[in-house]
Amino acid sequence: MTTPLLDETRAMDLAAAAAASGLDTVVSLRPGVAGVATRNVPATSAVFATHFPRFPVVPGVLIIDDLARLGALVLTGDGRLDRWRLAGVTRVRFRHFVRPGDVAELSVEVRSGGDEPVLRGDVRVGGSPVTTVGSLVMRATAAGAGV
């Protein structure tokens, strides 16, 4: 007898997490520890009309925002992303462009906890690193103050 890799209940949890975060798919989620998600980059995205029409690329700020969303999801574990906001980033490296049609795999890992947790983030396309963030500093919001 084989054991399913992901039972239906857990799959629904990951689907709900993806819907709550605005990411396309949440591949794995270990609350308080780490998470992996994907973002499909459609060629029809309105951002490409201005960034840049002849050489469309995803703006770096949107990549950082996706990492922050995944980070908030990891920190809450329950999809209430309004509990956390991005307070700062350091050691950011954009190694390659993220282009229309790409599937970006995002991963974050909690490095330290406390009032302002610090996470590390990576984005890969086709297995190659495109963005690394040495520290994503998150801050609890008023909605998360009682948590």
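Residue indices begin at 1 and follow the sequence shown.
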Taking a hydrophobic cluster as the set of Ile, Leu, Val, Met, Phe, Trp and Tyr residues connected by side-chain heavy atoms closer than 4.5 Å, whether directly or through intermediates, do [X] and [Y] fall within one such cluster?
X	Y	value
V57	V123	no
L62	L106	yes
V137	V92	no
F94	L136	yes
V108	L14	yes

task = Kindly indicate, with the supporting measurements, whether the criterion side-chain contact (heavy atoms from CB on, under 4.5 Å) is fulfilled by V47 and V58.
result = CA-CA 8 Å; V47 74; V58 175; 5.9 Å; no
Identify the two heavy atoms, one from [X] and one from [Y], that lie closest to each other, and give their separation to 0.1 Å.
X	Y	result
S107	L67	O-CD2, 3.9 Å
P100	P56	CD-O, 3.4 Å
A20	L81	O-CD1, 3.4 Å

Pair listing, ring-ring contact (aromatic ring centres under 6.0 Å, His included) test, anchored in residues 24-80, at least two apart = F55-F97
Identify, with sequence neighbours excluded, every residue that meets side-chain contact (heavy atoms from CB on, under 4.5 Å) alongside [X].
X	result
D65	R69
A68	L86
V110	V74, L75, L119

request  = Could you pull out all residues at least two apart from R85 that satisfy salt bridge (charged side-chain N to carboxylate O under 4.0 Å, His left out)?
outcome  = none
ask   = Could you give all pairs that pass the salt bridge (Lys or Arg N to Asp or Glu O under 4.0 Å) test and reach residues 95-108, with sequence neighbours left out?
value = none
remark   = Between the CG atom in D24 and the CG atom in N40, the distance rounded to the nearest 0.5 Å is 4.5 Å
Distance (rounded to the nearest 0.5 Å) between D82 CG and T141 OG1 = 5.5 Å
task = Can you sort out the partners of S135 under side-chain hydrogen bond (donor to acceptor under 3.5 Å, both in side chains), two or more places apart, ordered by chain and number?
result = T90
query = Going by the side chain to side chain donor-acceptor pair (under 3.5 Å) test, which pairs reach into residues 116-129, not counting sequence neighbours?
reply = E116-R139, R120-D122
query = Is the closest side-chain heavy-atom distance between L23 and D66 below 4.5 Å?
reply = yes
task = May I ask you to test the L70-S21 pair for a side-chain heavy-atom distance under 4.5 Å?
result = no
